[in-house]
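Below: the structure, in structure tokens.
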2 protein chains.
Amino acid sequence: METPQERRDRRRAEKRQAIRTAAVKIALDQGLEAATVEAISAAADISPRTFFNYFSVKEEALVMEPLWRPEEFTGLLAARPDDEPAFESLKAVARILAARVGPIWADARLFGELRRRHPELAAKVRAADETKLMEDVFAAVRDRPGVSGKLHARLLVIGTFGATISAVQEAAESGGSVEELLEEALTLLENGL
Amino acid sequence: METPQERRDRRRAEKRQAIRTAAVKIALDQGLEAATVEAISAAADISPRTFFNYFSVKEEALVMEPLWRPEEFTGLLAARPDDEPAFESLKAVARILAARVGPIWADARLFGELRRRHPELAAKVRAADETKLMEDVFAAVRDRPGVSGKLHARLLVIGTFGATISAVQEAAESGGSVEELLEEALTLLENGL
DNA sequence: GCAAAACTTGCAGAGTGTGCAAAAGGTGCG
DNA sequence: CGCACCTTTTGCACACTCTGCAAGTTTTGC
């Protein structure tokens with residue numbers, strides 16, 4: 001059975017996807033210029049005002065659902081044992097996140113072309129929270145074993161983020177396995193570039 | 001002597017700084033909300049239209065002049081000997097960029113508080129070109145000696161960027177020397193996190 | 001001092017995003 | 001069914017960013 005709340009959530013998610021699809025289609029067919037909120041709403045058969053009930057920024061409709069939400073990342077990190085060395089914890093979290101790519105891989109391919117043409121889209125969407133997230137994660141990593149200072153904490157976080165993103169990107173381009181590429185990247189970081 | 005072109009450039013730079021100062025002052029005194037283009041222009045005694053002759057995006061007036069321009073980065077890299085190992089080249093470029101912080105250090109402190117309160121500002125400004133720049137640099141690094149593949153290239157670039165930014169940030173917060181912190185960060189990367 | 005070049009400004013307009021209140025739709029229950 | 005309750009959609013007004021264009025002002029070169 002499905003509770004009413006679940007039904008609402010599911011419908012909402014479906015509609016969100018439908019709007020996304022309409023948006024991406026327009027951007028690919030007619031150029032990013034043509035993908036105005038008005039045009040997207042018309043194609044998705046909703047009012048422009050409703051568009052903003054689903055996406056808080058236009059560009060959000062033009063990129064993949066993110067692999068992680070900021071709150072979540074710190075949560076995953078906090079769930080690791082307190083005495084685990086920082087790098088081990090970060091690696092574990094990176095593996096969890098990389099594993100999520102699988103289910104939405106088709107998605108990833110759908111958005112690939114658009115992202116190739118307009119790499120600034122993703123950056124714009126995440127600009128808002130990414131930097132704040134980094135700061136939070138730095139703070140969380142600092143107090144873990146195996147961290148020699150704030151500079152070390154920063155590099156660990158940037159490195160692990162970077163490894164995850166690179167692995168996913170690389171997999172998308174060359175068709176390799178995300179998991180294997182991630183391990184390769186993490187090993188490079190661990191042993192020195 | 002000063003050629004007319006030089007004079008114009010200098011005046012332009014001065015005015016740009018003046019507008020910036022006005023903008024940051026408003027944002028710090030009355031909140032980011034209050035820092036509209038209209039308010040900034042009024043404070044800087046120019047028309048709103050003129051504001052956009054100096055900055056192509058509002059946020060540009062609220063953050064430090066960037067340490068590097070995208071084109072420049074690839075240029076610096078290309079200027080390194082062809083047979084130099086990639087990591088050495090990147091380190092050299094990082095050192096050049098970090099050295100630039102000195103002259104604008106007062107600046108950096110001025111913008112520090114605002115950046116602490118609104119970390120999304122910097123990201124928003126750079127969202128446009130940063131991703132494209134990365135791709136270019138990846139490509140340039142790939143063909144250098146000592147790079148085992150695209151994944152390695154990506155990590156080298158992200159790592160060196162990250163080290164530079166981290167060193168600057170860390171120096172701003174704890175008052176250390178940018179050069180020393182950069183060396184520390186690069187050593188960590190080289191020997192493994 | 002005058003013509004060319006560079007810079008500033010006003011204006012009109014397209015586009016994003018928000019608050020609010022009214023309308024529409026779905027749900028539960030007697 | 002029919003009526004109350006909650007959620008979602010929508011229209012409207014509005015603030016704000018950013019652009020193109022043309023007219024006005026200043027700077028520069030001779």
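The chains referred to below are lettered A, B, ... by the order of the sequence lines, with proteins before strands, and numbering in each begins at 1.
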Between Ser166(A) and Glu170(A), does a side-chain contact (heavy atoms from CB on, under 4.5 Å) hold up when you go through it step by step? CA-CA 6 Å; Ser166(A) 298; Glu170(A) 190 58 24; 5.7 Å; no

Apply side-chain contact (heavy atoms from CB on, under 4.5 Å) to the pair Gln169(B) and Glu135(A), showing each step before the final yes or no. CA-CA 11 Å; Gln169(B) 198 108 355; Glu135(A) 291 300 324; 3.8 Å; yes

If the test is salt bridge (charged side-chain N to carboxylate O under 4.0 Å, His left out), which one of Arg16(A), Lys124(A), Arg126(A) qualifies with Glu60(A)?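 Output: one option passes, namely Arg16(A).
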
Would you say Tyr54(A) places a side-chain N or O within less than 4.0 Å of OP1 or OP2 belonging to dT9(D)?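 Checking Tyr54(A) against dT9(D): at least one side-chain N or O falls below 4.0 Å of OP1 or OP2.
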
With a 4.0 Å limit, can you tell me whether Lys15(A) has a side-chain N or O closer than that to the phosphate oxygens OP1/OP2 of dT9(D)?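 Yes, within the criterion.
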
What's the [atom1]-[atom2] distance between [X] and [N], to the nearest Å?
X         : N       : atom1 : atom2 : result
Lys58(B)  : dC16(D) : NZ    : P     : 9 Å
Ile19(A)  : dT9(D)  : CD1   : P     : 8 Å
Glu6(A)   : dT27(C) : CD    : P     : 13 Å
Arg11(A)  : dT9(D)  : CZ    : C1'   : 14 Å
Ile46(B)  : dC18(D) : CD1   : P     : 14 Å
Lys124(B) : dT17(D) : NZ    : P     : 9 Å
Asn53(A)  : dG17(C) : CG    : P     : 13 Å

Salt bridge check: are [X] and [Y] linked by an N-O gap of less than 4.0 Å?
X         : Y         : result
Glu113(A) : Arg117(A) : yes
Arg154(B) : Glu173(A) : yes
Glu88(A)  : Arg80(A)  : no
Arg11(A)  : Glu14(A)  : no

[X] (side chain) donor-acceptor with [Y] (main chain) under 3.5 angstrom:
X        : Y        : result
Thr50(B) : Ile46(B) : no
Glu72(A) : Arg69(A) : yes
Lys58(A) : Ala35(A) : yes
Arg20(A) : Val63(A) : yes

Contacts to DNA chain D from residues 22-38 of chain B, heavy-atom cutoff under 4.0 Å, which residues?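 Only Thr36(B), Val37(B) qualify.
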
Each nucleotide N or O in nucleotides 23-26 of chain D that has a protein N or O under 3.5 Å away: list the pair and distance.
none

On DNA chain C, compare the nucleotides closest to Glu59(A) and Arg12(B); which residue's is nearer the 5' end?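 That would be Arg12(B).
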
Nucleotide of [options] approaching [X] most closely (side-chain heavy atoms):
X        : options                  : answer
Phe52(B) : dT19(D), dT16(C), dT9(C) : dT19(D)
Arg7(A)  : dT27(C), dT9(C), dT10(D) : dT27(C)
Arg8(A)  : dT8(C), dT8(D), dC7(C)   : dT8(D)

Every protein N/O lying under 3.5 Å from an N/O of nucleotides 10-14 of chain C:
| from | atom 1 | to | atom 2 | distance (Å) |
| --- | --- | --- | --- | --- |
| dG10(C) | O6 | Arg49(B) | NE | 3.4 |

Would you say Leu133(B) ends up clustered with Leu76(B) if hydrophobic residues are merged whenever their side chains have heavy atoms under 4.5 Å apart, either directly or through other cluster members?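 Hydrophobic grouping puts Leu76(B) with Leu133(B).
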
Does Phe51(B) reach a base, just sugar-phosphate, or nothing at all? Heavy atoms under 4.0 Å.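 Result for Phe51(B) = nothing.
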
